[in-house]
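Following: one structure in structure tokens, then a few remarks.
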Amino acid sequence: MRIATFIAFGIIQIGLLGQNARLNTKFSTFSFNALGQTDLRDTAIVFPRGSGKVALKRLNYWVTGIELGKDTFSIACDVFSDRSDWSRGPAHNSGTEFIANWPGLWSLRKKEIEAHRKNYQNANYTVPNQISTWPSNMNELGFPKTLAAYVDNDLDRVYNPSNGDFPFLLGETNVLSVATDSFQKGGYKPEPIPLDISSQHFLLDTNSNRVYSRITLCNRGLIDFSAVRFSVILDGQIGNALDDAMLSDSILNMVAIKNGQELDDVYGKNWPAIGYVLCKGDLGASMYIEKGNSNVFGEASTSAEFFNYANGMWLEGAPLTYGGSGLDGTIPSNYAYSGFSDTQNGKEPWLDNENIGKRTVVASSTNMDIASNECAVLDVCYFVLPNAPSNDSIRAEANRILEEYNGTDFTLGSSTPHKVRTRISTIFATAGALISSREYHLVSPVIYALDGRRISVEKNGIIQMPYSKGIYIMVSSKRKSQRLVIE
């Protein structure tokens with residue numbers, strides 16, 4: 001049987017789990033709301049599971065960048081309060097319309113997908129609500145056609161689970177959420193930003209203390225975005241939040257929060273460290289911020305200030321400098337407390353061991369350009385490492401995470417039919433090139449990324465090649481497939 005992976009959006013029906021979800025590993029509980037984040041009244045990570053002990057208080061997102069021909073923008077929040085730009089659901093191309101009664105979260109396990117694939121042809125079978133309402137095939141004016149991935153079992157390009165189609169899952173247990181710019185709620189900027197972000201949090205192994213997330217940022221408007229950065233805000237609280245420290249590693253694309261001294265008032269000698277790794281994408285900057293009105297590391301309240309933090313600068317634009325508290329040095333740096341990962345030119349290792357205290361970390365990606373109606377994808381991992389780990393142990397865990405991620409096949413995210421050996425030809429093309437469809441004898445070709453995202457199509461006999469180098473799949477209307485290599 002042939003199957004194809006598509007991403008499409010659909011009309012949503014009510015009947016989901018609610019506005020919060022828990023991902024339980026063997027030892028930890030990770031919590032996410034309908035924005036894919038954590039609100040002020042919840043706890044991001046409890047460790048050990050069921051203990052009530054807080055290891056990470058909040059987890060939030062910022063997106064910053066530049067609108068072509070305009071100024072910096074942000075979709076952000078204040079991690080120390082309920083002030084936030086984020087709202088549930090996808091973006092409208094105007095940025096000012098929303099879908100009322102957006103259901104919030106989808107939670108699915110791999111075994112539910114396997115049962116659906118086994119039973120969907122049975123006369124007495126009822127498609128589970130979480131599968132039937134998976135957000136696909138939406139046809140509302142101004143809202144995206146593309147949101148949540150699915151596998152198109154019958155190749156008709158329409159999500160219909162009654163015909164065997166099923167959601168594209170990445171792990172054993174999965175939680176999907178979608179958020180966009182509410183504009184007026186946070187009030188950090190003068191105009192709305194038509195961008196949405198979908199988060200699929202998932203577990204590869206319930207016996208580990210790791211939660212992975214696929215972050216998809218989509219520009220739904222008419223203006224291109226440049227210098228876009230995705231930032232994760234980790235509001236640390238390793239038991240007693242006032243004796244914490246942070247660690248960055250620019251080589252492993254990791255930041256971590258740990259206890260700053262041997263003994264913690266809540267955990268004692270066996271405190272955990274909390275970490276974040278960019279698995280697909282690179283760490284562009286790591287900073288720390290504090291609650292209050294400091295003009296150096298205080299709370300951001302404008303798009304320019306969020307942009308500064310995301311780009312390795314302090315609140316008002318002064319550069320982060322290497323060593324000490326990052327304020328008074330002479331060597332500019334992008335990574336606070338970068339340990340042994342940034343010691344070129346004879347610099348001493350930069351460790352956070354002098355002024356331990358509350359640590360709220362801003363970990364940002366490198367710059368991305370997201371053109372109108374295009375998307376960018378990042379894969380990240382959050383982890384808990386118990387038993388008072390050393391800096392070397394934390395770095396070793398980050399390295400193991402990267403090895404696990406790079407060794408995992410995310411092609412479908414669920415069990416697939418036996419592979420059939422087939423020949424597929426290869427086309428080589430230049431990034432951004434315009435090529436006649438006649439050159440390759442294709443009929444109405446469509447280009448897909450390897451994760452199923454639709455990249456571009458033929459128009460008036462001309463194919464627009466992707467701008468990013470890499471490997472793609474080109475499919476004609478007659479189902480002829482070719483490998484496309486962009487150089």
Side-chain angles (χ1 to χ4, degrees), residues 23 25-28 30 44-45 47 55-56 59 170-172 200-215 229-234 236 238 244-260 270-288 312 322 333-344 347-353 359 361-366 377-411 413 451:
L23 282 176
T25 70
K26 186 175 181 180
F27 304 106
S28 311
F30 295 72
I45 300 177
F47 176 87
L56 183 68
L59 186 159
L170 295 164
E172 295 289 333
Q200 186 175 157
H201 305 296
F202 60 97
L203 304 178
L204 288 178
D205 181 359
T206 56
N207 289 320
S208 73
N209 285 309
R210 303 167 184 168
V211 170
Y212 290 86
S213 294
R214 172 154 294 179
I215 306 297
R229 293 199 171 197
F230 170 73
S231 302
V232 165
I233 321 304
L234 302 170
I238 310 293
D244 291 347
M246 75 175 280
L247 173 68
S248 302
D249 194 299
S250 58
I251 298 173
L252 295 170
N253 295 313
M254 179 208 76
V255 297
I257 303 173
K258 61 173 191 170
N259 213 58
N270 293 318
W271 46 265
I274 303 300
Y276 169 77
V277 180
L278 271 155
C279 301
K280 178 182 180 181
D282 293 317
L283 184 66
S286 59
M287 304 286 290
Y288 65 89
Y322 193 91
S333 178
N334 291 318
Y335 312 100
Y337 302 114
S338 53
F340 289 82
S341 67
D342 188 22
T343 56
Q344 72 272 20
K347 291 184 290 187
E348 292 294 322
W350 185 12
L351 301 174
D352 187 8
N353 52 17
R359 289 294 178 264
V361 173
V362 180
S364 304
S365 70
T366 50
V377 177
L378 297 169
D379 288 339
V380 306
C381 181
Y382 310 97
F383 68 88
V384 180
L385 192 62
N387 301 322
S390 65
N391 289 346
D392 286 343
S393 296
I394 296 172
R395 285 192 290 267
E397 175 67 2
N399 193 60
R400 287 190 292 268
I401 287 169
L402 291 172
E403 289 177 349
E404 178 180 57
Y405 172 84
N406 291 325
T408 301
D409 180 8
F410 294 106
T411 304
D451 63 2

For [X], what residues pass the side-chain contact (heavy atoms from CB on, under 4.5 Å) criterion, not counting sequence neighbours?
X: Asn406; result: Leu402
X: Asp282; result: Asn253, Thr366
X: Asn270; result: Asn387

Checklist entry - How about Val211 and Leu203: do any of their side-chain heavy atoms sit closer than 4.5 Å? => result yes
[X] [atom1] to [Y] [atom2] distance, which is reported to the nearest 0.5 Å:
X: Cys381; Y: Leu204; atom1: SG; atom2: CG; answer: 8.0 Å
X: Phe30; Y: Phe47; atom1: CZ; atom2: CZ; answer: 9.5 Å
X: Lys347; Y: Phe340; atom1: NZ; atom2: CZ; answer: 13.5 Å
X: Leu23; Y: Thr206; atom1: CG; atom2: OG1; answer: 11.0 Å
X: Asn334; Y: Asp342; atom1: CG; atom2: CG; answer: 8.5 Å
X: Ser338; Y: Met254; atom1: OG; atom2: CE; answer: 10.5 Å

Next on the checklist: Pair Val380, Val277 - check side-chain contact (heavy atoms from CB on, under 4.5 Å), show working.
Outcome noted: CA-CA 6 Å; Val380 306; Val277 180; over 6 Å; no
Residues in ring-ring contact (aromatic ring centres under 6.0 Å, His included) with [X], at least two apart?
X: Trp350; answer: Tyr322, Tyr337
X: Tyr382; answer: Tyr276
X: Phe27; answer: none

Item to check | side-chain contact (heavy atoms from CB on, under 4.5 Å) assessment of Ile274 paired with Ile238 | outcome: CA-CA 8 Å; Ile274 303 300; Ile238 310 293; 3.6 Å; yes
Any donor-acceptor N/O pair, [X] side chain to [Y] backbone, under 3.5 Å:
X: Ser286; Y: Ala336; result: yes
X: Gln200; Y: Leu170; result: yes
X: Asp379; Y: Lys280; result: no

Next on the checklist: Checking Leu234 against Ile257 for the side-chain contact (heavy atoms from CB on, under 4.5 Å) test, could you report, in this order, the C-alpha distance in whole Å, the side-chain angles of both residues, the deciding distance, and whether it holds?
Outcome noted: CA-CA 8 Å; Leu234 302 170; Ile257 303 173; 4.0 Å; yes
Checklist entry - Tell me the salt bridge (Lys or Arg N to Asp or Glu O under 4.0 Å) pairs involving residues 244-258, sequence neighbours left out? => result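 Qualifying pairs: none.
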Next on the checklist: Determine whether Ile394 and Phe383 satisfy the following criterion, side-chain contact (heavy atoms from CB on, under 4.5 Å), listing intermediate values before the conclusion.
Outcome noted: CA-CA 10 Å; Ile394 296 172; Phe383 68 88; 4.1 Å; yes
Shortest non-hydrogen contact from [X] toward [Y]:
X: Leu252; Y: Ala398; result: CD1-CB, 4.1 Å
X: Ser248; Y: Val255; result: OG-CG1, 3.9 Å
X: Leu283; Y: Ala363; result: CD1-CB, 4.1 Å

Counterpart residues, side chain to side chain donor-acceptor pair (under 3.5 Å), relative to [X] (two or more places apart):
X: Tyr335; answer: none
X: Asn209; answer: Thr25, Ser28
X: Ser231; answer: Ser364
X: Glu172; answer: none

Next on the checklist: Arg229: which residues meet the salt bridge (charged side-chain N to carboxylate O under 4.0 Å, His left out) condition with it, sequence neighbours left out?
Outcome noted: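 Expected list: none.
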Checklist entry - Does the distance from a Lys or Arg side-chain N to an Asp or Glu carboxylate O, for Glu403 and Arg400, drop under 4.0 Å? => result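 Answer for the salt bridge query: no.
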Checklist entry - Given Arg210, which of Ile401, Val384, Asp205 fulfils the side chain to side chain contact (heavy atoms under 4.5 Å, CB included) condition? => result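 Exactly one pass, corresponding to Ile401.
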